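This is a predicted model, so every value here is computed, not measured. A note on names: the letters A, B, ... follow the listed sequences, proteins ahead of strands, and every chain is numbered from 1.
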Amino acid sequence: QEVTLRLHQFLPTQSVVPRDILDVWADNVERDSAGRIKIDRFPSMQLGGTPPELMDQAIDGVADIIWTAVGYTPGRFPSTEVFELPFMVTDTHAASAAYWQLFERHMKETEFKDVHVLGTWVHGPGVFHTADPVEVPSDLRGMKIRGASRMINTMLESLGATPVGMPVPAVPEALSKGVIDGTTVPWEVTGALKVAELVENHTEFEGAAPYTLAFILAMNKGVYEGLSPDLQAVIDRNSGLEFSIFAGITHAAADAPSRQIAVDLGNSIVTIPASDVAADWLPLVAPIYAAWVAEMAEKGIDGQALIDEARALMAAYKPAD
Amino acid sequence: MSDLAIGLWSFPALLVLIFMRVPIGLAMFLAGLAGLMLVGGGPVVPLARLKSETFTTFSSYSLSIVPMFLLMGQFATLGGMSQALFKAAESWLGHRRGGVAMAAIGACAGFGAICGSSLATAATMGRVALPEMRAYGYSGGFSTATLAAGGTLGILIPPSVVLVIYAILTEQNIAKLFVAAALPGLLAALGYMLVIGVYVRLYPASAGVRRAVPYAARFAALAKVWPVLAVFGVVVGGIYGGLFTPTEGAAVGALGTGLIAWANGGLTRATLAGSFYATAKSSAMIFFIVLGAAFYNGFLAMTQVPQEVALWVSGQGFSPWLVLILILVFYLFLGCLMDSLSMILLTIPIFWPVVQGLDFGMVSMADLHAARAWEALAKGAPLAPDMLDAVHTALAQGAELSREQIRALGVRGVNQGALARINIEQTAIWFGILVLIVVEVGLITPPVGMNLFIINTMDRKTPMGDTYKAVLFFVASDLIRVALLLAFPAITLFLVGW
Amino acid sequence: MHAVVLSLSRGFAYLGGLVLAALIVMICASVLGRAVADAAHAMLAAGWFPVVAQAVLDAGIGAIKGDFELVEAGIAFAIFAFLPLCHITGGHAAVDVFTRRLPPRADRALRAITESVFAAVLVLIAVQLGAGAQSKWHSGQTTFLLQFPLWWAYGLSLVAALVAALVATYMAVMRLVEMWLGRDILPEAA
Ligand code: NA
Ligand code: NA
């Protein structure tokens, strides 16, 4: 082969994202290049560093391609937070598509100018997994809940919970020891983490999800630009809007089997009806929107316009057949 | 040269550097730097990594436990705990032949329960017990060897800095490793006392006897060691009981010993500076090795050497036991030349993937635990949270629970991955304790034994050769203990499953 | 000269020790706050002294927000600040079995080379840490909970890393001089 690319990310090989999304992408690239591109895959931060550094690793060339949650580097990619606002995202597919479109329009030349972005997506609807049942916001009062991003932590605080920051792999231990009372992860992750065995209650929301995480698959810019045009074309063909939608769909589709585990275990899964969300939950988190818009204004970003545009793009999304 | 070849060649290169007296952390750093340049095709990758890797390595929350445990050991000394431990042990054992030496071992074990470092334990107890032993007519070599061996209890008995590092490298639970280390640690102390008993019979001239102390005085001396028990109980009990994270436990322990030392008048402005300096030196030494290892291991991962080694070993058809014994023997040899932390940081990232893939039938241990869980269940007794794993195992093997039992236990359903997970976890704990012991033997094996050096500098009149000769008895007891733990994994694992 | 550099190293070790001690106290306060808040919530749930429990919670007693992040930022500074003292007192672990019988000249040469390389590495570390601080400054990355800019933590560590590089350079120069003169100038490591 001509080029070997190092793909670095933080989850073990057999997890959903590496197995069903990243490997598929990498295999397709290898195949389409007729073996001229080889992609070495390094799971679980094998090349060193911590997950928040993945983005810099791609920028600096420590790795050629990285996958990460954008929220791991708070403050750096503020525009992506539009998809992480509470109760913003209803449909993962639409959000992943809108994310890519917003990226091309507003972030490509600004926040992400130092990398070559290959794909953008969000995970399935956010759910609360808690030891004690959560049916109204006041149930969360005083609960220590693990959150993965700045936005999720802000939302947890607004709802009266105490956000606790910890890496995903530490969650089962913390849950079993009662160090935390609950966690925010999409259903997909609960299977591998055995969350359904550690807590009995799960709270879903009709309509928009209380939270989601924005992900990114990105490549070192110099490495991409150094590829011959036909190899660049191979990368391009496998990346972009279509890939982002595929990734969002695949990520969300992995929720069902893990959710079934909780069902089989006889756990209690409550769904908050849309009317209750509007009456009890939205008023508590509404100030986050205004605060976020104000914060964005400080950075010279029109946050309200981003919110409106993201909503319009998500509404306009038509699933392909 | 292929990446794999570069990775393999880095071993001899690294050893040459180390044997040329290049500090171990620096040697690993240099090997990693050169390797990354070769594999990455230039300085871009290593330079880019350096922008954040030093900071993230030094800012690790889980590793912050290390300076806290070190400071705790310093405060414990200032608080007079080492003195109190030795006095108590001496008042009970001092009148027997070899009793003062046994008392020194007992005091080392007690100090080990609140100090995470072997060197600190050896140095502290050396200062307390060495003059006493010499005063009661103990021979120089026997005294220094006893204290050097006793010093290793600092790490064999939890809390232990080496176990913290092992847990981080293998992604295991620090609390469980601490609990697993307790019984083997006590066995070590017992073994050393037996060695002393044998030694004074073989060489009666090497030890004197002192007069017995009345029982009232003995109990009075014993009453003075309660702070040690309290600190150990709060730290290790709190961590294992889930009251706080290991780092929080270390902080609570450090503050507690600090307050005790302050109340005893041992903590003054001057002694505080001294304890900061000692903590600073050891912490910087350890973190620099961790940094070098992170750099070197990142390079090794890039060359795929650990995976290839694991593949090669599993393809040879060696029995798991043979592989394990070879690894332990390798550590014993390396331990004659290198210090324990460096060995762990250098080799565990390569050996653990190998050992993880081997089946030692640990699931039968899990069965044993499950059986005990069933027994407790039948009696209606409450189960400890950690016995849940055992119940899962039984469920995975097809046992059935009634709906009421399921509710009562808070266990719901069958966990398919449980068997594999338990197998790996138990192997990790057992292997970790075995490695811990063999690398600690390295601290007292000639010619390079850090503990031997430390104690020997405290007693300039004793030739190093005398210390070397006497310490071999203690090394022998270590080897017997390793054989015991190898043959009976239950000794290590039984408390973990409780 | 040596006394000055040694005091500088001790000063930074002391500073690092103070930061370590502050972190220890902060963690203990956080553990205590968390325990009290948990107890208050339990009392509320059980209906025991609800007024007292509510007052405790309203007073904002609980775990210290962002304790984790403060530990990370503080401990990094402490370790960097510990490096100079470890370095100047020869505290780094090394294997000297095979070099113990070297003639004095060869011994001094080996020592001078090692110290020079070590100094170069610590300078490199400080320079690259500076580059890292700069990149964190430009990128505006913050921590999760307290949301303070990450470059603050980098910058603090950088100060200590620069001192470490300085001390190492001094040691390298002195060892080179010793090799040149053929006799020891620096006191035995203590
Ligand atoms: Na210990
Ligand atoms: Na040794």
>> If I take atom OG1 from residue B:Thr54 and atom CD1 from residue C:Ile79, how far apart are they, to the nearest 0.5 angstrom?
In response: 12.5 Å
> So how far is it from C:Gln128 CD to B:Lys51 NZ, rounded to the nearest 0.5 Å?
Replying inline: 7.5 Å
> Relative to chain B, which of C:Gly16, C:Ala94, C:Ala78 shows the most heavy atom pairs under 4.5 Å?
Replying inline: C:Ala94
>> Does any backbone or side-chain atom of C:Ala153 lie under 4.5 Å from a heavy atom of chain B? Answer side chain, backbone, both or neither.
In response: both
> Which one of C:Leu85, C:Val117, C:Val127, C:Leu124 has the most heavy-atom pairs closer than 4.5 Å to chain B?
Replying inline: C:Leu85
> Has B:Met20 got more than 12 heavy atoms of other residues, nucleotides or ligands less than 6.0 Å from its CE?
Replying inline: no
> How many angstroms lie between CZ in B:Phe55 and CD in C:Glu72, if you round to the nearest 0.5 Å?
Replying inline: 7.5 Å
>> Between B:Leu71 and chain C, with a heavy-atom cut-off of 4.5 Å, which part of the residue counts as in contact: side chain, backbone, both or neither?
In response: side chain
> When only pairs under 4.5 Å are counted, which of B:Pro67, B:Ala254, B:Ala48 shares the most heavy-atom pairs with chain C?
Replying inline: B:Pro67
> Which bit of B:Phe295 is near chain C, if near means a heavy-atom gap under 4.5 Å: side chain, backbone, both or neither?
Replying inline: neither
> At what distance, to the nearest 0.5 angstrom, does CG of B:Leu30 lie from CZ of C:Phe118?
Replying inline: 9.0 Å
> Contact part of B:Leu26 toward chain C, heavy-atom cut-off under 4.5 Å: side chain, backbone, both or neither?
Replying inline: side chain
>> Can you tell me how far apart CE (B:Met72) and CD1 (C:Ile24) are? Round to the nearest 0.5 Å.
In response: 10.0 Å
>> Distance check, rounded to the nearest 0.5 Å: B:Ser283 atom OG versus C:Ile75 atom CD1?
In response: 7.5 Å
> What residue among B:Val252, B:Thr245, B:Thr247 forms side chain to side chain contact (heavy atoms under 4.5 Å, CB included) with C:Ile27?
Replying inline: B:Thr247
> Does a side-chain heavy-atom distance below 4.5 Å link B:Arg21 with C:Leu110?
Replying inline: yes
>> I need the residue from B:Leu17, B:Leu47, B:Val22, B:Leu255 with the largest number of non-hydrogen atom pairs under 4.5 Å to chain C.
In response: B:Leu47
> Would you say B:Phe11 has more than 12 foreign heavy atoms packed within less than 6.0 Å of its CZ?
Replying inline: yes
> Measuring heavy-atom distances to chain B, does C:Val95 have an atom under 4.5 Å in its side chain, in its backbone, in both, or in neither?
Replying inline: both
> What part of C:Leu122 lies closer than 4.5 angstrom to a heavy atom of chain B: side chain, backbone, both or neither?
Replying inline: side chain
>> So which atom in C:Ala93 and which in B:Met450 form the shortest heavy-atom distance, rounded to 0.1 Å?
In response: CB-CE, 4.3 Å
>> Assess the residue pair B:Phe58 and C:Leu83 against the criterion (side-chain contact (heavy atoms from CB on, under 4.5 Å)); give the C-alpha distance rounded to whole Å, side-chain angles, the decisive distance to 0.1 Å, and a yes or no.
In response: CA-CA 11 Å; B:Phe58 290 175; C:Leu83 272 176; 4.1 Å; yes
> Is it the backbone or the side chain of C:Ser157 that comes under 4.5 Å from a heavy atom of chain B, or both, or neither?
Replying inline: side chain
> Is the number of heavy atoms from other residues, nucleotides or ligands under 6.0 Å of B:Phe333 CZ greater than 12?
Replying inline: no
>> Under 4.5 Å from any heavy atom of chain C, what part of B:Ile289 do you find: side chain, backbone, both or neither?
In response: side chain
> Is it the side chain or the backbone of B:Ser52 that comes within 4.5 Å of chain C heavy atoms, both, or neither?
Replying inline: both
> Non-hydrogen atoms of chain C under 4.5 Å away: do they reach the side chain of B:Leu341, the backbone, both or neither?
Replying inline: neither
>> Counting C-beta onward and ignoring hydrogens, is there a side-chain heavy-atom pair between B:Ser282 and C:Phe82 closer than 4.5 Å?
In response: no
> Checking C:Asp107 against chain B: side chain, backbone, both or neither under 4.5 Å from a heavy atom?
Replying inline: both
> Any idea which heavy atoms bring C:Tyr14 and B:Leu272 closest together, and the distance?
Replying inline: OH-CD2, 4.0 Å
> Can B:Phe29 and C:Ile125 be said to form a side-chain contact (heavy atoms from CB on, under 4.5 Å), step by step?
Replying inline: CA-CA 11 Å; B:Phe29 188 94; C:Ile125 284 177; 4.1 Å; yes
>> I need the minimum non-hydrogen distance between C:Cys28 and B:Ala251, along with the two atoms involved.
In response: SG-O, 3.5 Å
> How about C:Arg100: does its CZ atom have over 12 heavy atoms from other parts shown lying under 6.0 Å from it?
Replying inline: yes
>> Looking at chain C, which one of B:Phe244, B:Phe276, B:Phe19 has the largest number of heavy-atom pairs inside 4.5 Å, strictly under?
In response: B:Phe276
